[in-house]
Amino acid sequence: MKNIFRVWLVILFIFLPLGKIMSEHNSADVVSNGVEWRDINGNVINAHGGGFLKVGDYYYWIGENRKNGVFVSCYRSKDLLNWEFRGDLLTRNSHPTLDKANIERPKVIYNEKTKKFVMWMHYEYGRDYSYARAAVAFSDDIEEPFTFLKSFRPFGNMSRDCTLFKDSDGTAYFFSSARENYDMCMYRLTDDYLDAKEHVMTLWPGGHREAPALVKRGNYYFMITSGCTGWDPNQAKYAYAKSITGPWSELINVGDSTTFDSQSTFILPVEGERETSYLYVGDRWDGTHYFNSKYILLPLKFYGETDMQLNWAEKVVPNVKSGEVAELSN
Ligand code: GAL
């Protein structure tokens with residue numbers, strides 16, 4: 001009896017501190033750029049080419065997974081530091097046309113009228129990028145599997161790198177690279193967000209832009225895009241417009257010549273009590289070993305109404321309560 005007691009004591013002494021070390025290890029208080037990010041259970045986060053959506057107190061992060069027949073995964077966090085895996089939203093089994101599909105850059109918005117979360121994404125079938133289609137899925141619950149609706153070419157246009165943007169009046173837009181990535185097309189969505197209603201305009205025809213990410217700040221819309229160099233990074237550029245339907249400004253360099261070795265995927269507003277900050281979210285791709293790809297989160301700085309700057313920071317500390325974002329150099 002005494003021996004059993006001793007064994008239990010030993011087990012307690014070994015595992016209690018170990019548990020504490022592990023939980024401390026998993027609780028993050030800074031975002032470290034360019035290193036592997038893990039969720040609160042210690043698993044590598046797979047949400048590449050992703051987007052973010054605030055629902056209640058939670059920021060949801062939805063992106064490409066690609067592991068074990070999964071296409072799109074969902075994580076959530078209250079502080080943008082500690083992410084909890086919530087499930088897979090689209091898998092190979094979600095629809096017969098997904099059996100050999102490749103899904104990239106999924107983005108989700110909420111439709112107030114239909115009370116549905118709607119996902120748009122880049123759809124390919126087979127090995128290459130020749131399908132060049134958009135695809136749409138929807139769900140009543142952001143954490144539950146989505147129903148895959150269809151893949152198609154909006155108004156017959158090729159559709160590759162893409163994003164969704166929901167304006168303050170509830171009108172939603174889909175942007176995607178068309179004509180072998182030469183053009184950036186902008187589509188207004190139907191009221192239920194399940195289809196493209198109108199090809200509103202083609203931005204920078206022949207400009208070869210992809211990886212679009214949009215935000216509205218003050219009186220201006222901002223769009224960041226990359227050039228077209230596949231998995232290799234290049235100089236990001238931004239443009240601004242007073243009306244989303246233009247005229248859009250010329251393209252202006254932002255960040256350095258490789259966008260700090262990343263490609264844009266989203267601009268995340270952090271709306272706090274003191275201010276609203278805007279975070280640039282980029283993928284640091286590893287095209288050879290896709291799962292070594294990392295994420296980059298950096299504050300976008302604005303000067304005046306339309307000047308935007310992006311600087312490198314080793315570490316970033318978002319404060320979701322105040323809306324401030326601190327930068328640390330090491
Ligand atoms: C990039 C694109 C990525 C992926 C990659 C494949 O240009 O932004 O989402 O499609 O090409 O080479």
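Side chains included, hydrogens not; waters and symmetry mates left out as well; all remaining heavy atoms used. Keep in mind it's a predicted model, so treat the numbers as computed, not measured. Every number for a ligand or one of its atoms is a count from 1 in the order of the listing.
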S.K.: Consider only side-chain N and O atoms of R133 and S151, and report whether a donor and an acceptor are under 3.5 Å apart.
M.R.: yes
S.K.: Please work out whether the ring planes of W61 and W83 are parallel, tilted or perpendicular, with thresholds of 30° and 60°.
M.R.: perpendicular
S.K.: Quick test: of every protein heavy atom, which one is nearest to atom 7 (O) of ligand 1, and how far off is it to 0.1 Å?
M.R.: E210 OE2, 2.2 Å
S.K.: Is it true that D140 and K116 make a salt bridge, defined as a side-chain N closer than 4.0 Å to a carboxylate O?
M.R.: yes
S.K.: Note the single closest protein heavy atom to atom 4 (C) of ligand 1, along with its residue, its atom name and the distance in Å.
M.R.: E104 OE1, 3.4 Å
S.K.: Counting heavy atoms only, which part of R160 comes closer than 4.0 Å to ligand 1: side chain, backbone, both or neither?
M.R.: neither
S.K.: Assign the ring pair H95 / F148 to parallel, tilted or perpendicular, where the plane angle (0 to 90°) is split at 30° and 60°.
M.R.: tilted
S.K.: Kindly state whether the ring of F117 and the ring of F138 have centres lying under 6.0 angstrom apart.
M.R.: no
S.K.: Just need the protein heavy atom nearest to atom 9 (O) of ligand 1, so name the residue and atom and give the distance.
M.R.: R105 NE, 3.1 Å
S.K.: Among protein heavy atoms, which lies nearest atom 8 (O) of ligand 1, and at what distance?
M.R.: D161 OD2, 2.5 Å
S.K.: Nearest to atom 1 (C) of ligand 1 by heavy atom, G287, G230, S177: which?
M.R.: G230
